[in-house]
Amino acid sequence: MTNYRNSTGMKQSKPETVDLTGYENIEIYGAREHNLKNIDLSIPRNQLVVITGISGSGKSSLAFDTIYAEGQRRYMESFSAYARSFIGDMERPDVDKIEGLSPVISIEQKTISRNPRSTVGTVTEIYDFMRLLYARTGEAFSYLSGKKMTRQSEDQIIEHILQHFKGEKIILLAPVVKGRKGHYRELFQQIIKSGYTKVRVNGEIQDVIPKMQVDRYKTHDIEIVIDRLLVDEKEKFRIGQSVKTSVNQGKGVMMIIDGTGNLHHFSKFLMDPETGLSYTEPAPNMFSFNSPYGACSECNGLGSIEKIDRENIIPDPSLSVSRGGIAPLGPYREIWIFKKIEAILKRYDANLTTPIHKLPEKALDVLLYGDNVPVAVSSVKYPGTEWNTKFEGIISFLEKQKDEGSEKIRDWVGEYTSVKVCPSCNGQRLKKESLHFLIDGKNIAQLAQLDIQALWNWFENLETRLNEKQNRIATEILKEIRKRIRFLMEVGLTYLQLDRPLRTLSGGEAQRIRLATQIGTQLTGVLYILDEPSIGLHQRDNIKLINSLKDLRDIGNSVIVVEHDKEMMLEADHIIDIGPGPGLHGGQIVAQGSPKEFLAYNSLTAAFLNGTQEISIPANRRKASGEKLTLKGANGHNLKNVDIEIPLGLMICVTGVSGSGKSSLIHETLFPILNAHFFRSRKESLPYVSIDGLKNIDKVIEVDQSPIGRTPRSNPATYTGVFTEIRSLYSNLPEAKIRGYKPGRFSFNVKGGRCETCEGAGMKVIEMDFLPDVHVPCETCKGKRYNRETLEVRFKGKSISDVLDMTVEQAVEFFENQPKILRKVEVLNDVGLGYISLGQHATTLSGGEAQRVKLATELSKRDTGKTLYILDEPTTGLHFQDIQHLLEVLNRLVEKGNTVLIIEHNLDIIKSADYIIDLGPEGGAEGGNIVCQGTPEEVARKPESYTGTYLAQELKMQLS
């Protein structure tokens, strides 16, 4: 037995794991995938192994495209020949042999669901167990009276009658119609045939007569009078029979009118004794927002609705209709709709030049929502003729197009649409009945809104707040819920809420959720491959993640992590460094061994780890120009009335532990305010009081990690705009001019020059039904995207397809005499993307790579020197050396007078900043405050700041 520390930091004896494969190492021979240079490699099994190296050196090619791809292929081969006939054969990775491979599970950054129905709660299964808990132990309350719902057996109803109505003359009723329209002639005939003589219709007792009916267009309540009797112990048998009959006729529900005329409700199901409101028996799907039995009917369980707002249609009421006051119509033109509007306005003594704010409210309602009064418009084609048609209204027309129009039309309508919290469920996604089942005073949606730490606190001693019956039912369910919450806490996700949509998470957060789920499965003998799980994690929480990975290893698994984090490398059992350079200059093993052995190597990564090379601290911090941007009273999400001053003309880092409110403050408050001011964006910001200093900047640019495109048609060349210049160059070549080719001929998105088999995609999608879709190269163009004639036009011996296959580094050399093209590809090279190809599919780019493509696109534009750039963790996926290059690019921007605002955890960036704003002190509800702000040296002297503590170590300072 050997000792190790578990995820709580306590020492435990580590059980010796038995490797059933018989191999001590994973042996790889002749790996040549992508840029790998025929490498042979031995990776120790049942250890935590970090694969590192400069960006583009071949880390992912080894970990995912070789090891994982081979593991997946072997898994597919285990299927029967019949099943494989539906799937097709998976292509074998370019490797001679791999031995000692276990079943492989990959946890990547790019596997984030875009479905708004996927939440943290659903993907971790915590919400599923909570649904079961509420269905079995929740207490129902009436949404009308607020009183606890009751369900009673027939015996309980009889006892209640004998106790509470003793000596009273009562009437027993069986409800058969509740709040419905109809004449009910057949129902009354059936009642007569059953032997009953009286009914209660809309509160009035009547004799049932032949051919009896009620008004079919009015809403009715109808009950059968089952019995009328004096309550006495001697009549117990008769009362019992009447109650049984009432409950049967009323399908589980009955009513009693007492001696004073008051009405009492009874039910075998859940019912409000005061109002008669009844609920169906609770089941787990009643608490699911993805089921029609539980979802709010107005928003279908999304918690929000898309609404076409009057403010979006009329952004400036001081304008008239003729001057473009109605945004979707624009300024006046000689078209039919303006003639209709003119005719409508005449009714209200107004015209097209009347400012909209001076129009009567009734006229505005007709313009926006229409009416049934025909509008007469003179015909141009037939003078003297008038066409009389109804006007459906601008908003009504847009609503119709939103549902029925083409994709282009729907995008256009989207410009006038705002996302609002659903007014029916207030964003809680469930119907009213589901929200009125409570445990310890909370409904399931309220629990889903708590952060993980608060949720753990609520569940911790829940048994003491439950009754004996609830405890008997809940014991096993609570055990499963707590286990899953604990795993989320161990990977540093205490600040997330269960109702947080998965698509709003960063790549690192989504990966750590999947990691927590995998830890929960307690599988052994598995090879896990992770792709930079430390993304978005503060140094304080990093040790939790490392311990979680060690826990996976200690139960008998092999863990391979592609990572750049210094702490992760030093805590690993084995490090593999791939390099020496990116792209074609990489693909070799330059160093490997235990952390102690690795530090003695002469590789670039080892040099940064052992301190012989480092990102130097700036000799002088830039001084602010005196101009500033001031935001006051930001209080969205967990922000606590935050006031910040952003000094302009500096590189500023916004720091803080995960979940402290950085994104809420910058991405969801500051950026939407600036975007609305400069570009009239309609995205609403989180609540704030005021903002000053907008005159000191002239535009804002946000560079985030969202994909540059969701299809293989998007690539760095099209996104940056350099492909337009390249197509223009090819269309001006002599061969192209002879053939009459225009730039469109060299586009793979339009007919003419593209391969029509794959429609220019270069690959075909094979739908796999129960597995992810597989992309295979097109059999006609072999992945080149274009037809033969287009490929015959060459520049320096290269076709347009060859150019798309070039790396950025090769393109810089190839287009050295084409200034328009060179300027754009040089910037891509400067931000550390020299290894990606110009035509690389957007779907294969990591979040960090996509962000740097966007950054390069913005850098290639001419700036004004008064721009505010907002970046979200630009160091994602970057090696120490790449961070140095990135800092050079960012400093260049600041030197020109721009302001660069970076949300970042990386200490190399933080220590190089001019100014730091640190949020916290904790994540979730305990965060949302400014802990400190100032230069890195000033922040490092603040013992209350977690960032400051780690920054002091980096700056080699002693805290005062």
Side-chain angles (χ1 to χ4, degrees), residues 119-122 124-152 156 265-299 301 303 421-482 484-485 497-500 925:
T119 65
V120 172
T122 58
T124 56
E125 298 178 348
I126 295 172
Y127 192 77
D128 299 329
F129 281 103
M130 280 168 51
R131 291 195 291 119
L132 183 61
L133 182 70
Y134 269 82
R136 299 292 175 257
T137 66
E139 295 178 324
F141 289 81
S142 167
Y143 61 74
L144 292 178
S145 67
K147 293 198 172 175
K148 190 173 177 180
M149 307 281 271
T150 58
R151 57 161 77 82
Q152 294 156 311
Q156 286 173 320
H265 299 268
F266 298 90
S267 175
K268 286 170 70 176
F269 312 116
L270 288 168
M271 175 176 268
D272 178 1
E274 190 173 297
T275 62
L277 175 70
S278 62
Y279 295 167
T280 55
E281 282 299 299
N285 62 6
M286 186 178 177
F287 303 96
S288 170
F289 46 78
N290 293 328
S291 163
Y293 297 103
C296 164
S297 55
E298 188 164 345
C299 63
V421 173
C422 173
S424 181
C425 65
N426 289 319
Q428 294 188 317
R429 294 177 167 229
L430 298 171
K431 60 185 182 183
K432 274 191 293 191
E433 292 92 324
S434 308
L435 294 171
H436 282 79
F437 280 81
L438 308 180
I439 295 176
D440 190 30
K442 286 194 181 292
N443 65 39
I444 193 168
Q446 289 170 325
L447 291 188
Q449 290 169 344
L450 296 176
D451 61 56
I452 296 297
Q453 182 64 58
L455 192 68
W456 172 263
N457 295 341
W458 190 84
F459 272 110
E460 199 168 13
N461 297 307
L462 183 60
E463 286 89 344
T464 60
R465 308 193 296 277
L466 299 179
N467 61 39
E468 189 183 341
K469 182 186 173 187
Q470 286 175 317
N471 269 318
R472 270 204 313 273
I473 298 167
T475 304
E476 290 303 315
I477 305 173
L478 290 175
K479 197 184 294 180
E480 293 295 329
I481 290 173
R482 286 188 190 125
R484 283 163 172 77
I485 295 175
Q497 300 87 22
L498 292 188
D499 67 352
R500 173 95 174 257

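Of the possible donor and acceptor atoms, none in the side chain of D440 sits under 3.5 Å from a partner among the backbone N and O of L462. Here the side chain of N461 pairs no donor or acceptor atom with the backbone of T464 at under 3.5 angstrom. In this structure, the side chain of N471 engages the main chain of E463 through a donor-acceptor pair within 3.5 Å. Looking at E480, its side chain never comes within 3.5 Å of a backbone N or O of I477 through a donor-acceptor pair. A donor-acceptor contact shorter than 3.5 Å links the side chain of N443 to the backbone of Q446.
Between L455 and F459, some side-chain heavy-atom pair lies under the 4.5 Å cut-off. In this structure, the side chains of L277 and M271 stay at 4.5 Å or more apart for every pair of heavy atoms. Between W458 and I439, the closest side-chain pair of non-hydrogen atoms falls below 4.5 Å. No side-chain heavy atom of L438 sits less than 4.5 Å from a side-chain heavy atom of K442. A 4.5 Å side-chain heavy-atom check between R484 and E125 finds at least one atom pair inside the cut-off. L466 has its side chain out of reach of T137: every pair of non-hydrogen atoms, C-beta onward, lies at least 4.5 Å apart. No side-chain heavy atom of L133 sits under 4.5 Å from any side-chain heavy atom of I444. Looking only at side-chain heavy atoms (C-beta outward), H265 and T275 stay at 4.5 Å or farther from each other.
The two residues T119 and R429 have their closest heavy-atom pair at CG2-NH1, 4.0 Å. Smallest separation of non-hydrogen atoms from N426 and V421: C-CG1, 3.5 Å. Residue F437 comes nearest to Y134 through the heavy atom pair O-CE2, 3.3 Å, listed as atom of the first residue, atom of the second, then distance. A pairwise comparison of heavy atoms in M286 and P282 identifies SD-CA, 3.7 Å as the closest pair. Between K268 and R151, the shortest heavy-atom contact is O-CB, 3.5 Å. Across D128 and T122, no two heavy atoms sit closer than the pair OD2-O, 4.0 Å.
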Handout entry: Stepwise side-chain contact (heavy atoms from CB on, under 4.5 Å) check, C296 with C422
Key = CA-CA 9 Å; C296 164; C422 173; 3.8 Å; yes
Handout entry: C299 vs C425, side-chain contact (heavy atoms from CB on, under 4.5 Å): CA-CA, chis, key distance, verdict
Key = CA-CA 8 Å; C299 63; C425 65; 3.7 Å; yes
Handout entry: Steps toward ring-ring contact (aromatic ring centres under 6.0 Å, His included) verdict (Y127, F289)
Key = CA-CA 11 Å; Y127 192 77; F289 46 78; 5.4 Å; yes
Exercise for the section: Go through the steps to decide whether Q497 and L450 satisfy the test side-chain contact (heavy atoms from CB on, under 4.5 Å), and finish with yes or no. Expected result: CA-CA 6 Å; Q497 300 87 22; L450 296 176; over 6 Å; no
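A salt bridge is absent between D272 and K147: the closest approach of a Lys/Arg side-chain nitrogen to an acidic carboxylate oxygen does not fall below 4.0 angstrom. By the 4.0 Å N-to-carboxylate-O rule, K432 lies too far from E298 to be salt-bridged with it. Using a cut-off of 4.0 Å between Lys/Arg side-chain N and Asp/Glu carboxylate O, E460 and R482 are scored as not salt-bridged.
Here the rule is side chain to side chain contact (heavy atoms under 4.5 Å, CB included) with L270, and of K148, H436, E139, M149 only M149 fits it. A side chain to side chain contact (heavy atoms under 4.5 Å, CB included) with Y279 is found for one member of F269, F141, Y143 and no other, namely Y143.
Here the straight-line distance linking atom CG of N290 with atom CZ of R131 works out to 8.0 Å at 0.5 Å rounding. Between the CZ atom in R136 and the CG atom in L132 there is a gap of 5.5 Å [rounded to 0.5 Å].
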